[in-house]
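Owing to the predicted nature of the structure, the values given are computational and were not obtained by experimental measurement. For ligands, and for the atoms within them, numbers begin at 1 and follow the listed sequence. What's counted below: heavy atoms across the whole structure, side chains too, no hydrogens, waters or symmetry copies.
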Amino acid sequence: MFSSLARCASRAALHVLKGTSRPSKPGKVPCFGHQTLAAVPLPTVGGTTVVRHAQVLDHKRLLQVEWDDGSYSFYPFTWLRDNCQCPLCMLQSAKARSLLLTDLDVHTGMDQVQITENNKVSITWPDQHSSEFEPDWLKKRCFSPEARQARQEELFLNEREFWDSALQIPMADFEAVLHDDKAALAWLVALRRFGIVYLKGAPVEQGQLARLSRRIGYLRLTFYGHTWQVQDKPMANNVAYTSGKLSLHTDYPALHHPPGVQFLHCLQQAQQGGESEVVDGFHMAELLRREDPEAFNTLSSLYIDYTDTGSDYCDFIVQSKNRIIDVDCEGRVVRINYNNATRDSTLDLPLDQVQPFYSSLKSFVELMNRPENVVSYRMEPGDLVTFDNWRLLHGRKNYSSGGRTLRHLEGAYLDWDEVMSRMRILRKAVHGDS
Ligand SMILES: C[N+](C)(C)CCCC(=O)O
Ligand SMILES: O=C(O)CCC(=O)C(=O)O
Ligand SMILES: [Fe+2]
Ligand SMILES: [Zn+2]
């Protein structure tokens, strides 16, 4: 599957980026190396689990399960009853709960527990309803902190590998990703882990992003259309549709739910200029947290207005409020929302917070523009870049316009839910796990 990558692999090192913040080499060639996806390890899941013993702990209303290796898991009665897998409690065809909460006794006891001949955990409830649970199914859902974390990682692949200018952008072959499940899985896992994967060998004609989107599910429609054409346009309705420089940005912070994933397909490159730049926004946010905690605090707490007005797929007046560094309730960075072009002149802050906001933003932008943090590349016709628009900031140099070679990229958006869905399905097909 990676045969067409062999040429590139011999040019570039075949290793996975190790350190998370290697200093950049001075005098590094502007051209970029690649790592092939074959070197990216895939997560493995599963294994056969055996129950040794199960015991009702009535006083705690917990079922204690002892596994073959001597370890224990504990399951609340109420949770077990709620998740009975029988055809009365589950619509088997939808794998969805048909048991109503009105019919769930959240104070239920447990009459009996047995291990069946085929090593299932069989429970009899006080109303004589019975439930059977598979050991594998139970173990995956163990409530220990370690098991919960492992399960969440398996479901969401939230562990990211941070990078800087030393990144060798993971690369795959466009047709391989379309036709080979292993190649497609490696693509999506790397897209999640590194935030960017370069695909080579796409036909040089419009419509390839629609094909690639169908490989996943469907694309994300916005006011700029199903797919959109990045070209120098008269009366441009967006700064992207000029030949000007685009400073590092995420796309569409004017929406409250910006697109999670972005595809750009190069159909024609400019005679001069038009080179691309990317930085790892999550990594930059962590650097800011360390170097300038006050700026981090400001950018991760203030809601900034964004605006986008015009007409394209249809007419629009879009307004949003987003934190430039978006954090979850535990303070983890989950999204970068920054496009200087669509940042609104309406700034909904008390007077005394205006200057601190600008100083903080300046600090963040200076940090992300340091050469040691930026990866540059130049797209050629047939190249296609796929990246995490919640994590990466991207930009382009200005370019010469007019003449015979008119720069043209086609772009499209997807959302992470659809991408992760395909990733899970491919993992099941390739590794056979659930
Ligand atoms: C490329 N385009 C026009 C679809 C979106 C540009 C990004 C933005 O306005 O935030
Ligand atoms: O022209 C490019 O290389 C990037 C375009 C871009 O960032 C955009 O359309 O939002
Ligand atoms: Fe963009
Ligand atoms: Zn049931």
Need the atom name: nearest N/O/S atom of [X] to the Fe ion (ligand 3).
X: H394; value: NE2
X: H249; value: NE2
X: D251; value: OD1

As an exercise, identify every atom of ligand 2 less than 4.0 angstrom from a heavy atom of [X].
X: A240; answer: 8 (C), 9 (O), 10 (O)
X: H249; answer: 7 (O), 10 (O)
X: L409; answer: 1 (O), 2 (C), 3 (O)
X: D251; answer: 10 (O)
X: V230; answer: 1 (O), 5 (C), 9 (O)
X: H394; answer: 6 (C), 7 (O), 10 (O)

Inset, instruction - State whether the side chain of N322 and the backbone N or O of L255 hold a donor-acceptor pair below 3.5 Å, judged by distance alone. - result: yes
Legend entry - Under 3.5 Å donor-acceptor, N83 side chain and W79 backbone: yes
Inset, instruction - Taking atom NZ of K233 as the centre, report whether more than 12 heavy atoms of other residues, nucleotides or ligands fall under 6.0 Å from it. - result: yes
Legend entry - Over 12 non-hydrogen atoms of neighbours within 6.0 angstrom of CD in E132: yes
Legend entry - Nearest-neighbour protein heavy atom for atom 5 (C) of ligand 2, which is reported as residue plus atom name and distance: L246 CD1, 3.8 Å
Inset, instruction - Look at atom 3 (O) of ligand 2 and say which protein heavy atom is nearest, naming residue and atom and giving the distance to 0.1 Å. - result: R407 NH2, 2.8 Å
Going by an N to O cut-off under 4.0 Å, is there a salt bridge joining [X] and [Y]?
X: R391; Y: D280; value: yes
X: R396; Y: E275; value: no
X: D326; Y: R323; value: yes
X: D82; Y: R97; value: yes

Inset, instruction - Examine the proximity of ligand 2 to N238 and report which part, side chain or backbone, both or neither, has a heavy atom under 4.0 Å away. - result: neither
Inset, instruction - To the nearest 10 degrees, could you say what angle the Zn ion (ligand 4) makes with SG of C86 and SG of C89? - result: 110°
Inset, instruction - May I ask you to check whether W228 has an N/O atom sitting below 3.5 Å from an N/O atom of ligand 2? - result: no
Inset, instruction - Applying salt bridge (Lys or Arg N to Asp or Glu O under 4.0 Å) between E175 and each of R215, K200, R211, report the one that passes. - result: R211
